[in-house]
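Letters A, B, ... mirror the listed sequences (proteins, then strands); counts begin at 1.
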Amino acid sequence: MEYYADIAIQIMFLMMLALSLNLLVGYTGETSMAQAAFYGIGAYTVGLLTMPVAVAGLEIATSSGVAGGAGWPFWPAVLISILVSAAVASAISIPALSRVRGEFLILMTLAFQLVTTQLMGSLTSITGGTFGLTPIPPMTLFGQSLIKPSQVVIVVGIATVLTFVFCYRLGESPFGRVLKGIREQETAVRAVGKGTVLPKVIVFGVAAGVAGLAGALNASYYQVAAPQSFNLDVSILAIAVVILGGVANPVGTVVAAILLGLLNPVLDALVGAEASAWRGVIYGLALVLVMRYRPQGLIPEHQGPLRFLRRRRRRNAAESAAPARSERDRVPGAAPTATDAAASRPAPEVVLSVEGMSKSFGGIKAVSDATFDLTRGQITALVGPNGAGKTTLFNLITNAITPDQGAVTLNGTSITGLSISEIARRGMARSFQDGRLFERLSALDNVAMAIPDQRAENPFILTVRPLYVQKRERAVRQSALECLQLVGMHADAETLVADLSYGDQKLVAIARLIATGADVLLLDEPTSGVDPSAVEHVIDVISDLRAAGKTICLVEHSVHMVERLADRAVFLDQGRVLAMGSMKELMARQDLKEIYFGA
Amino acid sequence: MHLISAAGASPSLVLQLVVSGVVLGSFYALLGMSVSVIYSTTKVFHFAHAFVYTAAAYVALGTASVLGVPIVLAIVIGLIAAVVLGVTIELVVYRSMRRSGASSLGIFLASLGISIAGPNLIQIIFGPDGRNLPVGNPALYTVGTVTFTTWDIVTVVVSWALIGGVLAMRRSRWGLASIAVSANRELSAAVGISPQKIYVYAFAVGSLLIGSAAILFTLNQAATPNMGLQPVLFGFIATFLAGVGNQKTAPLAGFVLGMVVSLSGIWLSQTFQTAVIFGLLFVALIVRPQGIFRKAAV
Amino acid sequence: MTVSTFISRARRLTAAAAVAALAVGLASCASSDAGTAAACDGDTAINGIFGEGGEAGGQGVTVKVGMLLAMTGSGSSYGEVMSHGAELAAKQILAACGPDFEIAIGDHESGSVPAAVAAARKLISQDGINVLQTSFGGVSEAIIPLVQQNKILTLQGGGTSPGQIGKDYLWNTRQLFADPSIPGGLAWVAQTYPEATKMAVVGTLENGINAQTKLIPEIWPEVAPGGTVVLNEQHEVGLTDFGQIIAKIQSAEPDVIWIFEQGGDNATFMKALRRAGVTAPVVSSETGGEEVCKLAPEEFDTVIALGENYDVANPNPFNEQFVTEYKDAYGKNPDIFAANYYEEMFVFWELVNRVIADGGDPTSGEQLQAALAADPTFQSVYGGSADEVGTMSIDEETHLPVKPMGAYTIKDCQLTQVATITEVDEGADPFSGVSK
């Protein structure tokens, strides 16, 4: 009985560690090789806090010469352990996450893991060195010391369930949606006006805090904290659990933790002394095979026993949605026809002005001294041959690429040098030629991501005011659904974007752009790759947006499209603005026509 | 604790550490070159390189001490095994993953899996204890107060010869093609260079280099199943410090790293060395993510 | 590596693979060759020393003995000899009409604390052990709360550390590593190398840190006129590149080097040291570890082992039969670790007999410990003479034994005693601890 309780406890520690890591690897798409270090920081903190205060003449006899601890009671010490782990993680992640990602982050967290393990072994007067910090007092509950595994298993079990619920809810919350957005397309998250560094720093801290909780319980159960319990091997094991189980799926993590956790006792019985080596072979190979043949893991995201929750949500969405795309809603405030709208249009008002924008790449001038304005309620098209610098100009205006020179003024305020997310918050948003949608999110979630001012995305509010968040989230989803209705995609609201056709994806991208609520919209080739039947549809949506008073700038290849849509065109060639005027006027000029068609 | 070593910086110590630093630095330079050849060309975070390293050493000492093959032949067999293993990993695992559209993170995780499974398999076959390559004791040379052995000379000469060879190959057809692939994969495919072939070439060369490093190591030290992790990490550190994609400076970064490790012994106790070196790497990556030997990226 | 070990490895590999392939369900079928109620005649060599067994000698009683050993990892050679010693003793005791000591082994993976705690928990709750034999320092400190809470009498014969002194339920049959031999040992070094003044100390942070950082720097200047410690370097366990430390040794030019290395580090260090041309004598506080010696036999020939040791040639009849039977069973001489875990089994037997005599429960750790504390003196393979079995006693307060210590030269990985060292009280003359 005690033996099985012990095995259950070991598995649950692994589970908690992997669940916390899944927040990073699964939801945010950032691989950390240092999760065991934060696990260890929690363990050592609880040890140092709960060990009895050193009394002169009654030193704790250890080999290390650790004098004693702070003599704290157990639960306050656990709380501090969580906070210390979280704080350390946030502190180191600020520089790491704002500057680097991907392989750099792997190498840096690897470095942090190795430094931490070595310091645990070397700072003997604090940590007890390689022998570990011992004896740490056992955990207590209602003044009762819990020593037997059959007692501890209850506490650890409750902690694991809470961890699971916490990680699941966080992952499925608006905050989790932002994390998944970062995983799928970090620039697109910024382009809809959200910072991405803060959410990453927060999730790093939260994940480390959960690992710290697991570490604190671990140290109190084993009554010892030693470097080997928190080394690189443990970090890698946690990664293996997350990957095998299925990223961004806490249910998968739980299943994989049980499978890998049971390997130990089973192999003990089968091969005895070589169990640990065999375990390495098995989970190493499992990792290779899963990545090769089933990269989504045993239980992929959006599947598993908990999917009924999502299905229910889908049904709700479907009920409130109209069936066919043709029955799309009109943009609110849009006048019935474009001509009517043009008649009632007020005097031209410059919303955005771009002045002297220049950028060179290694001596080649991509954009050179470009100057033009956008006028309220008008559609301005950037036209020109391939490589004229149209998309680059978009990138420069939104500061996705830092210009060498030039100024951008939005509504009379300079926005030069502001980040793309800040620019979006000030009312200018852009779409991308290649869509940059969040592929493994539903169409609705894609659009919901862009709805501005979402206090529900704050994980703190999520924790203290869950009901408010629920209410708020319902409103956000409703607005998102309305945006989808504008492009006629509401029937596919709960479909994963990856499962949509290319044309439909483009429509979702436009819905996402609308959802930002921005007044100035920069559209990069909104109809390229869209099937002809849908092109009309896109044109209608864009003219509706103009009628609703939005200022629109689009990069477009089809002369036909520009002629139908644009009030004005800016002709670019080799990074220079050659001419401005209506498309008809421009196409009347032979020189431009030759440049354009390469005649 | 004993953070600061009591040794003090006597001239003879500094000289000896400089000599050790040259040997260690040459070894790290070879590691840096090996990792860089693969990483800069294929962008695979090839953690399984650690297994290739270990396998080269164990195949060599296995054939030499179990089958009684002459030592030079055993070393050649070890190197062939390294190349075969490295190329097999590319062909069987990475290539098929790339074809099915795996992310670079996914490929890294598969690589991590190989680096766990491989050494554990070696431990099951050979046992966890250290094993020596059956070579005799090296001759000792003394210059003033400084000493070094035949193996030190061999390490320096072989390392730089291999690095020089790889750098010289950059001017060959293969070399130019791999530079093209590392600069722009799609474009080079368009002009008729097969990235697939170049990847195999990169894995073969990188594996040969890491296998050579493993043999050089086993001349002096006992091989253990987990011997591969640390050298490959140092290889990656050199690669990233040099600036990713900068093959020419990776050996230089490795050499500097070796010198720093060695000379830090003047002030620093060994028990803090890993912490300090990885701490420095941590800071370097934050301050100069583009590499210490590289101007800021455009 | 020899062909035979390669083949046996390979065979185990295929065997294990075959077993693994045979579905997990078979796990429960893993059978142990349970002690057949072997006929005993009460007439073995052991009976000559320990009496005829029978009911008063615990016959019919089953005592489950746990062993927490390094079965994998860099110290697995230690685990092997320790288990050999204990298994031989259990076989002999059963054959001598004593109790049936059933052995269950747990693996701490050469000093991994989490592995050790998990293994100890399994031994206690799954295997239901009554007593435990533990090894290594750190892992044994880590399991102290566990054995105390479960009242498991535990004997430590191979890794006594300061954290294991005077702990309830934990009794040591090996002396503290290094410390007791340091004063007498330094005095012996001063006598043997009268010209030596400069000493270098190299070791890990794991064991003997007190000897490295306190005892030697204090006592060496006392025993050697003008003596100084010119270098005191600690490093990580499992270091492969000693280049830097050796450069420091070369630069400090010590007359004597005292090392505190364990396992494979010993061989790595000695090879690197001699290859760098350093010829100064090396004193090592590690006296066991024949397997490690074999990694660098030539270099070890220049080492002087100093500390507690076990003498294979001791003519004491208990020891003589032990060496003979051990050689028969395992084909080589026992070392200190085989000897300690062997004789610990006889300590358990003696305690079982005492508890039975008092009408108690011989499987109760509490009663066994009480019986131990009442009279902590036992027959031993150490000491004694050709006609008399030696004795070992454990201090009631510190739970530490007094064992013979000496200085030994090494040839072909065999130790030869050149001096006897005894522990001296703090402040006493270190030279009183040396006798030739």
Distance-only polar pair, side chains of [X] and [Y], donor-acceptor under 3.5 Å:
X: H108(C); Y: S140(C); result: no
X: Q244(C); Y: E233(C); result: no
X: Q164(C); Y: S161(C); result: yes
X: T204(C); Y: Q262(C); result: no

Contact between L217(A) and M16(A) at the side-chain level, heavy atoms closer than 4.5 Å - yes or no?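 Contact flag for L217(A)/M16(A) side chains = yes.
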Could you check which of G106(C), G79(C), P114(C) has the highest count of heavy-atom pairs closer than 4.5 Å to chain A?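 Looking at each option in turn, the highest pair count goes to P114(C).
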Taking E286(C) for its side chain and E261(C) for its backbone only, find out whether a donor-acceptor pair lies under 3.5 Å.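 No; judged by distance alone, with no hydrogens or angles, the pair does not exist.
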With a 4.5 angstrom heavy-atom cut-off, is it the side chain or the backbone of F13(A) that approaches chain C, or both, or neither? neither
Mind checking side chain to side chain contact (heavy atoms under 4.5 Å, CB included) for S220(A) and listing every partner two or more places apart, or none if nothing turns up? V46(A), F74(A), M139(A)
Chain A-proximal positions within residues 119-128 of chain C [heavy-atom distance under 4.5 Å]: R121(C), K122(C), S125(C), Q126(C)
Looking at I9(A), N218(A), V224(A), which makes the most heavy-atom pairs under 4.5 Å with chain C? V224(A)
